[in-house]
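Input: one structure, supplied below.
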2 protein chains.
Amino acid sequence: MVTITNKEPLLSHNRKFRMTRQRQVILEEIKKVRTHPTADQLYEMARRRLPHISLGTVYRNLEILSECGMVQKLDLGGAQRRFDGNTKKHYHVHCTRCGRVDDVPIEAVVKIQTTFQGASNYKITGHKLELLGLCPQCKKAKKALTKRPGRRAGRKSNSHP
Amino acid sequence: MVTITNKEPLLSHNRKFRMTRQRQVILEEIKKVRTHPTADQLYEMARRRLPHISLGTVYRNLEILSECGMVQKLDLGGAQRRFDGNTKKHYHVHCTRCGRVDDVPIEAVVKIQTTFQGASNYKITGHKLELLGLCPQCKKAKKALTKRPGRRAGRKSNSHP
DNA sequence: GGGTTATGTAGGAATGGTTACTATTACGAA
DNA sequence: TTCGTAATAGTAACCATTCCTACATAACCC
Ligand SMILES: [Mn+2]
Ligand SMILES: [Mn+2]
Ligand SMILES: [Zn+2]
Ligand SMILES: [Zn+2]
């Protein structure tokens, strides 16, 4: 269980933000899960506690919270952006069958950047690595039935059971 | 200069497509550049030769051409998808300052996947690696003037001079 | 060739995630 | 409390992408 202080204001550069009830709830909800939810998944989660919160508020606060380093904005390929309550740099695995996203508990390999340093005329300063594969569930499903493996993952189908 | 046959039909699985004038022009234009253009950049390029072509036609044909393996669809982070006339698997560098995208002429490192094979309970089957850095132009600009380094790259600002 | 059906085409309309705007409300300092 | 500012809910606008539909063309059979 994660407890977040709601007394001191958030800081971003030299701008300070209030910790409002909505912002607090969004932050608590994203810290609660490991599912890398999308903005509208978080909207649904927050709405269970604040039925009048609006989707725009969720988007705006996720932007602010990531600006303050309290959450991480993920830009994995695909239509919808995802958010991560874990702010440490880490890699992700993306299930190619159901769309689920999980952490890969290995620290960032900076050696990758040095490997590629001379390969182009760019000065390499960072990298983004995303692993692709099959989650445990889909491994089993794939092994069992060799039917057509479920067409492209629907928009809201990557809930973690 | 790249010449593409327009006599034999394109094949995708067991579906065959005609090589229409529009499709031909789009293919020629993307093969002509190394800039990884977006769909509407290609629309502008094609429009210089076919003033009546529509944006939807460009999207549809890029989809078809990538399905046939004649072009590559790139899903780098960011709003707009990019397309690549080079169909071989290769890595890309993304300039964090101007948004330009270039090739990294190093073949795909499959070792990456084996490194991460046991790190999660996923079966790793692929990976996406994107390098970030400063292009030659922006290296110079950064060194010369330490002014504010140009806000986030505008939508149509990454033309290669 | 003539007729018929399947498939592809171009352009415009619709979709959906995201952001921007506006009137109203909540907060915090004086 | 009062005043000034930031945040909110609700809604409209935005824009990349996808879908729809009337029309055209190819393929097929006879
Ligand atoms: Mn994570
Ligand atoms: Mn390329
Ligand atoms: Zn899965
Ligand atoms: Zn640059």
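On a predicted model such as this, the values are computed, not experimentally measured, just so you know. Side chains are part of it too, since the values below use all heavy atoms of this structure and drop only hydrogens, waters and symmetry mates.
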Problem - Closest-nucleotide 5' rank along DNA chain D - winner of A:Ile64 and A:Pro51 - result: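 First, find each residue's nearest nucleotide; the 5'-ward one identifies A:Ile64.
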
Handout entry: Of the listed nucleotides C:dG17, D:dA9, D:dT18, the one nearest the side chain of A:Thr57
Key =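 For A:Thr57, the side-chain atoms sit closest to D:dA9.
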
Handout entry: Test item: side-chain donor near acceptor, A:His92 and A:His90, under 3.5 Å
Key =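 Their side chains do contain a donor-acceptor pair, which is all the 3.5 Å distance test asks for.
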
Exercise for the section: Write out all pairs satisfying salt bridge (Lys or Arg N to Asp or Glu O under 4.0 Å) with one or both partners inside residues 50-69 of chain A, taking only residues at least two apart or from two chains. Expected result: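 Passing the test, one end in residues 50-69 of chain A: A:Glu63-A:Lys73.
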
Exercise for the section: Please state how far atom CG in B:Asp75 lies from atom P in D:dA16, giving the value in whole angstrom units. Expected result: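 Atom-to-atom, B:Asp75 to D:dA16, this comes out as 15 Å.
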
Practice task
Using atom OH of A:Tyr43 as one end and atom P of C:dG16 as the other, report the distance to the nearest whole Å.
Solution key: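 Those two atoms, OH and P, are 16 Å apart.
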
Handout entry: Closest approach of B:Leu134 to B:Cys95 (non-hydrogen atoms, all atoms of both residues)
Key =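 Smallest heavy-atom distance, with atoms named: CA-SG, 4.0 Å.
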
Handout entry: Nearest-0.5 Å distance, NE2 of residue A:His127 to CD of residue A:Gln113
Key =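 With rounding to 0.5 Å, NE2 (A:His127) is 5.5 Å from CD (A:Gln113).
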
Handout entry: Sugar-phosphate only, base, or nothing, as touched by A:Arg23 at under 4.0 Å among non-hydrogen atoms
Key =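 Sugar-phosphate, no base atom in range.
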
Problem - Pairwise side-chain contact, B:Leu129 with A:Lys128, heavy-atom cut-off 4.5 Å (strictly under) - result: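 Sidechains of A:Lys128 and B:Leu129: no contact.
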
Handout entry: Closest to the A:Gln80 side chain, choosing from C:dG11, C:dT18, D:dA27
Key =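 Of the options given, the side chain of A:Gln80 lies nearest C:dT18.
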
Handout entry: Between CG on residue B:Leu42 and NZ on residue B:Lys32, distance to nearest 0.5 Å
Key =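 Nearest 0.5 Å value for the CG-NZ distance: 11.0 Å.
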
Handout entry: Nearest-Å distance for atom pair CZ/P, residues B:Arg81 and D:dC15
Key =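 After rounding, the reported distance stands at 19 Å.
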
Handout entry: Sub-4.5 Å side-chain heavy-atom contact between A:Arg23 and A:Ile26
Key =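 Side chain of A:Arg23 against side chain of A:Ile26, heavy atoms only: no contact under 4.5 Å found.
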
Problem - Nucleotide nearest B:His52 when distance is taken to its side chain, options C:dG11, C:dT19, D:dA9 - result: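 From the listed options, C:dG11 comes nearest.
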
Practice task
Nearest whole angstrom, please: distance from the P of C:dT19 to the CG of A:Leu62.
Solution key: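 Between P of C:dT19 and CG of A:Leu62: 10 Å.
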
Exercise for the section: Test A:Gln24 against every option in A:Glu28, A:Arg21, A:Gln22 by the side-chain hydrogen bond (donor to acceptor under 3.5 Å, both in side chains) rule and name the one that passes. Expected result: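 It is A:Glu28; the other options fail the test.
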
Exercise for the section: Give me the bend of the helix from C:dG1-D:dC30 to C:dA30-D:dT1, using the axes of the five pairs at each end, rounded to 10°. Expected result: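 Axis angle across the helix from C:dG1-D:dC30 to C:dA30-D:dT1, nearest 10°: 30°.
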
Problem - same_hphob_cluster(B:Leu132, A:Leu74) at 4.5 Å side-chain heavy-atom cutoff - result: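 Different clusters: B:Leu132 never reaches A:Leu74 through Ile, Leu, Val, Met, Phe, Trp or Tyr contacts under 4.5 Å.
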
Considering only nitrogen or oxygen atoms on both sides, find all protein atoms under 3.5 Å from nucleotides 23-27 of chain C and state each distance.
none

Handout entry: Candidate nucleotides D:dG10, C:dG8, C:dA10, ranked by approach to the side chain of B:Phe17 - the nearest
Key =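 Out of D:dG10, C:dG8, C:dA10, the nucleotide with an atom closest to B:Phe17's side chain is C:dG8.
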
Handout entry: Distance, rounded to the nearest Å, where B:Gln22 contributes CD and C:dG8 contributes C1'
Key =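 Atom-to-atom, B:Gln22 to C:dG8, this comes out as 12 Å.
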
Practice task
Write down the atom of B:Asp102, the atom of A:Tyr122, and the distance for their closest heavy-atom approach.
Solution key: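 It is OD2-OH, 2.7 Å.
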
Problem - Distance in angstrom units between B:Leu50 CG and C:dT9 P, rounded - result: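 Checked: the CG to P distance equals 14 Å.
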
Handout entry: Residue B:Glu63, side-chain atoms from C-beta onward, closest of D:dA16, D:dA9, D:dT18
Key =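 Minimum distance to the B:Glu63 side chain belongs to D:dT18.
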
Problem - Length of the line joining A:Arg47:CZ and D:dT8:P, which is rounded to integer Å - result: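 From A:Arg47 CZ to D:dT8 P: 17 Å.
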
Practice task
Grab the CG-C1' distance between B:Leu55 and D:dC20 for me, whole Å please.
Solution key: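 Roughly 16 Å, once rounded to whole Å.
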
Handout entry: Side-chain N or O of A:Asn61 closer than 4.0 Å to phosphate OP1/OP2 of D:dT8
Key =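 Checking D:dT8 against A:Asn61, a side-chain N or O does come within under 4.0 Å of OP1 or OP2.
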
Exercise for the section: Return the nearest nucleotide to the side chain of A:Tyr59; candidates are C:dG17, D:dT17, C:dT9. Expected result: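 My answer, after comparing the listed nucleotides, is C:dG17.
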
Exercise for the section: Select from B:Arg60 and A:Ile53 the residue whose nearest nucleotide in DNA chain D is closer to the 5' end of that strand. Expected result: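 On the 5' side of the pair lies A:Ile53.
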
